[in-house]
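Please see the structure below; I have some questions.
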Amino acid sequence: MQCWLFKTEPDLFGIEDLARAADQTARWDEIRNYQARNFLRDDVKVGDQVFIYHSSCKAVGIAGLAEVVRAAYPDPSQFDPSHALFDAKAVVGSPRWFCVDVRLRQRFSDVIPLRQLKAMPELAGMTLLRQGRLSVQPVSDAERRAILGIL
DNA sequence: GCCAACGTTGGC
DNA sequence: GCCAACGTTGGC
């Protein structure tokens with residue numbers, strides 16, 4: 001079992017939306033970054049755990065935990081001309097962008113603030129803290145335990 | 001709103 | 001393949 005961190009802007013889609021979704025399950029789509037895409041397409045598997053991270057908002061940090069319930073499939077938004085992220089270069093049968101489905105497992109009573117994560121020596125090497133802009137990223141076992149240990 | 005860091009595009 | 005210009009992310 002691999003663990004991941006997925007970023008999202010809660011003003012657009014946050015953990016509250018995931019909690020309200022049917023079966024608390026939602027498509028994790030609209031990823032348009034190749035490094036993130038490659039992780040989604042090649043490495044994210046059913047049963048993997050996912051920390052849900054809220055960015056660009058008031059309470060920046062980790063909001064909860066989800067689980068992958070469907071592995072990579074073509075992101076439909078790339079083929080939809082009315083969609084803001086429509087990709088004219090994407091070809092059905094040879095898609096560029098992928099998505100997965102996740103189900104909520106646990107909504108943390110409080111968002112774990114980014115500030116607190118930054119202060120933890122165990123997380124000093126974490127991708128989140130080292131690489132600014134990556135919306136799908138692996139979390140090591142030690143990092144996962146350190147984060148869950150906060151709860 | 002600012003701005004640093006990083007990714008993408010496109011001319012050559 | 002280089003690199004300048006431009007666009008986006010995302011914390012503050």
Measure from OH on Tyr53(A) to P on dG10(C) and round the result to the nearest Å.
-> 8 Å

Report the relative orientation of the aromatic rings in Phe13(A) and Trp28(A); use parallel for angles under 30°, tilted for 30 to 60°, perpendicular for over 60°.
-> perpendicular

What heavy-atom pair brings Ala146(A) and Leu123(A) nearest, and what distance separates the two atoms?
-> CB-CD2, 4.1 Å

To the nearest angstrom, the CG-C1' distance between Asp87(A) and dT9(B) comes to 14 Å

Spacing between Arg133(A) atom CZ and dG7(C) atom P, to the nearest angstrom | 14 Å

Donor on one side chain, acceptor on other, Ser77(A) and Arg32(A), under 3.5 Å = yes

Atom-pair distance (NZ on Lys7(A); C1' on dG11(C)), nearest Å = 10 Å

Leu129(A) near the nucleic acid: base, sugar-phosphate alone, or nothing, with a heavy-atom cut-off under 4.0 Å?
-> nothing

Mind calculating the distance between CZ (Arg96(A)) and P (dG7(B)) to the nearest angstrom?
-> 17 Å

When the distance from CD of Gln131(A) to C1' of dG10(C) is rounded to whole Å, what number comes out?
-> 13 Å

Using a cut-off of 4.0 Å on non-hydrogen atoms, how would the nucleic acid contact of Ser55(A) be classed: base, sugar-phosphate, or nothing?
-> sugar-phosphate

Please tell me which of the listed nucleotides, dT8(B), dG7(B), dG11(C), lies nearest to the side chain of Tyr34(A)?
-> dT8(B)

Mind calculating the distance between CD (Gln35(A)) and P (dT9(C)) to the nearest angstrom?
-> 15 Å

When we call it a touch if two heavy atoms are under 4.0 Å apart, what does Lys118(A) touch: a base, just sugar-phosphate, or nothing?
-> sugar-phosphate

When the distance from CD1 of Ile31(A) to P of dT8(B) is rounded to whole Å, what number comes out?
-> 13 Å

Any side-chain heavy atom of Leu40(A) sitting closer than 4.5 Å to one from Phe6(A)?
-> yes

